[in-house]
Amino acid sequence: MSQRIALTVQGVAIEVLPGMRPYDWERTPDDAVACKVDGRVVDLKRPLEQAGTVEFLTFDDDEGRRVFRHSSAHLLAQAVKRLWPKARLGTGPALEDGFYYDIWLPEPLQESDLERIARTMAEIVSEDLPIERVELDRDQALALFSERDEPFKMEIIRRLPETATISTYRQGDFIDLCTGPHLPSTGRIRAFRLTSISGAYWRGEETNPMMTRIYGTSFPEPGQLEQFFERQEEAKRRDHRKLGRDLDLVSFLDDAPGFPAWHPKGQQLYRVLEGFSRDLQQRNGYQEVSTPWIYRVGLWQQSGHWDHYRDNMFVIDRDDQLMGLKPMNCPGHCLLFGAKTRSYRDLPLRLAEYSPLSRYERSGTLHGLFRVRGFHQDDAHLFVGEEQIGAEMERVLELVDIVYRAFGMSYDVVLSTRPDDYLGDLALWEKAEAELESVLQQSRLKYRVNPGDGAFYGPKLDFHVIDALGRRWQCATVQLDFQLPVQFDLTYTDPEGKLRRPVIIHRAIMGSIERFLGILIEHYAGAFPLWLAPEQVRVIPITDGQAAYAAAIDGALRERGMRSTVDSSNQKLGYKVRTAQLAKIPIMLVVGGRDEAQGTVSVRSREAGDRGPQSWPDYLEELVSLAAVPLA
RNA sequence: GCUGACGUAGCUUAAUUGGCAGAGCAGCUGAUUUGUAAUCAGCAGGUUGUCGGUUCAAGUCCGACCGUCAGCUCCA
């Protein structure tokens, strides 16, 4: 005598018998991978017992994709167990664009084994094994995985709360400990590829046994897999380490790991980027300073870096004194602020600095321009009164927007709030967080909140830019700091003549300029827009009869601040065009006898190709305005 | 730092089981004077990452170190 229950499925109200599984429902879409019942992601085979809402998830939803990838990891593990019955399972989660499984194996795996594993996976897919959830209590679960000789799984179970219901998933003879959810059957995973293997410690600890980590990715349709790898290839083509070398921008010397060596073109690019930031900040009330880069250890003790950041600092021992190279500018700026009495009339005081910073990064973490040991930031510290936080943050947000828009990049924001181990006044924290949130709301930016992820000294905003390939990079960070002013006993006099404590806003927009340049190289695939390009124009005389004319054109360009060269090599036009094209120079000005006679230049643009002759002095003006820095 | 792979000319790369380090591009010289993605010829370029070992003989095998790459870890 069962009562029907009321469900809202994809917005449609229906009534069904309790115990109905979305999997059995005739209107469930074929491409559904899981569903959301009252906001919780569950298996399509989970029986519905009470009224609620049901939404279907497909591969196109983030959560659906995770389910799909997670089931793919199980598929991988099952194949490995078939091939190596002695394999012991670790964990196998979904990743942003794939999955992995950590497995202990009696002998190391070779890359060539991946093909065998993939073949076995394909067999399991074609068997289309149903995937079933089975819930156990703790003792049953321990007994099961003890019998199956899975010590890592037993360790996981032992770490779970005593009373926890433990879920397992089964497909054929394969059983895994897993909270799920999962696909209904293995046949859904129609396209997958194993990509690499590497070592990884059990639970990430160096003292634990080394597992073999097998990486792969998977999709519902083979076409999507192809597309994914085309994208990977494109990313590889854009790799800034390769482009940096091919375009003669930057290199890395074996004798200075982690410190980029900028070649003339790279340095030019760097200077344009830094100049862009400098001009922008100057217009916005920032004052540039340059503070020492080596301080006695006492300063670092006062700032707290010695306790929290020492392992990442380069330390020098001279004359029985320890000195540290600065990893950040904040202490220097605090010293400047504190060097004289400050009044509320000085606030907000915006100190900007571009000096070199050094951080000791562990050797294995170095990565081209993305992770270096020596770099510069478009750094600034804003000393503000508590009541100025909101307005000042608004100004910062505007600057961030100008910078990223200049590169045609969109971005989103994460607000990280008070962690458990916060320092300072709770009321101030709450007020500041509320203000940050209201500024974000007014800005109509896309943002999300990451509760408890702020620094111990204040809440922060992290900005993620999205590049031409849709990849996200964390660049700007804006952090409120209630602690450092205390550390340095910073004060200012308010209108009533009372001493008050300022708040510091740490902010960088590009972040590390080196890293940002790396991102830009990949974003533009080395084809920089005119205003950024290290070599903006190449003048190409067709024969050496036009040498003087070409030199005059080049000279006029330089006179107007354009970065131009002449290709006077003894080559045919086609060769010179090709060379300039490969060097990704935005504008080529071909000058032949006809041009010289008629006072024209034949314009070729990197993107649009031959654009025909243009009359010369006019085109110079056009070029100059095209090359303007996008400051507003 | 840890695990694994790799390191040959500026770049891309070749070199049977250990047996004379070879090419293309770039560079230089000469010829060619050319109208929108590669003109021809010649020349030069190497202590095969470094140091040590095995061997009649090492780019190749072994060890240590340095660096790079893929991950791990780290990133107040």
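To find a chain, count down the sequence lines: A is the first, B the second, and so on, and within it residues start at 1.
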Inset, instruction - Determine the interplanar angle of the A:Tyr100 and A:Tyr215 rings, folded into 0 to 90°, and report it as parallel if under 30°, tilted if 30 to 60°, perpendicular if over 60°. - result: tilted
Of the nucleotides [options], which has the atom closest to the [X] side chain?
| X | options | result |
| --- | --- | --- |
| A:Tyr309 | B:rA76, B:rA37, B:rC72 | B:rA76 |
| A:Ser363 | B:rG1, B:rG71, B:rA38 | B:rG1 |
| A:Arg245 | B:rU12, B:rG67, B:rA76 | B:rU12 |
| A:Arg362 | B:rA76, B:rC72, B:rU73 | B:rU73 |

Inset, instruction - May I ask you to check whether A:His308 and A:Tyr457 place their ring centres under 6.0 Å from each other? - result: no
Inset, instruction - Compute the ring centroids of A:Phe370 and A:His240, then answer whether they are less than 6.0 Å apart. - result: yes
Inset, instruction - Counting Watson-Crick and G-U wobble pairs only, both distances under 3.5 Å, name the nucleotide matched with B:rG42, or none. - result: B:rC28
Inset, instruction - Scan every strand shown for a Watson-Crick or G-U wobble partner of B:rA64, both distances under 3.5 Å, and answer none if you come up empty. - result: B:rU50
Legend entry - B:rC75 base / A:Arg371 side chain donor-acceptor hit below 3.5 Å: yes
Listed pairs, N/O of protein and of nucleotides 33-35 of chain B, under 3.5 Å:
residue: B:rU33; atom: O2; partner: A:Asp544; partner atom: N; Å: 3.3
residue: B:rU33; atom: N3; partner: A:Asp544; partner atom: OD1; Å: 3.4
residue: B:rU33; atom: N3; partner: A:Asp544; partner atom: OD2; Å: 3.0
residue: B:rU33; atom: O4; partner: A:Asp544; partner atom: OD2; Å: 3.1
residue: B:rU34; atom: O4; partner: A:Asn570; partner atom: OD1; Å: 2.8
residue: B:rG35; atom: O6; partner: A:Gly593; partner atom: N; Å: 3.0
residue: B:rG35; atom: O6; partner: A:Arg594; partner atom: N; Å: 2.6
residue: B:rG35; atom: N1; partner: A:Asp595; partner atom: OD2; Å: 3.0
residue: B:rG35; atom: N2; partner: A:Asp595; partner atom: OD2; Å: 2.8
residue: B:rG35; atom: N2; partner: A:Ser602; partner atom: OG; Å: 2.5

Legend entry - By ring pair (Phe, Tyr, Trp, His ring centres under 6.0 Å) - contacts of A:Tyr619 (at least two apart): none
Inset, instruction - For A:Ile540, report the nucleic acid contact type (base, sugar-phosphate, nothing); a contact means any heavy atom under 4.0 Å. - result: nothing
Legend entry - Touch class at under 4.0 angstrom, heavy-atom based, for A:Arg604 against every strand present: base
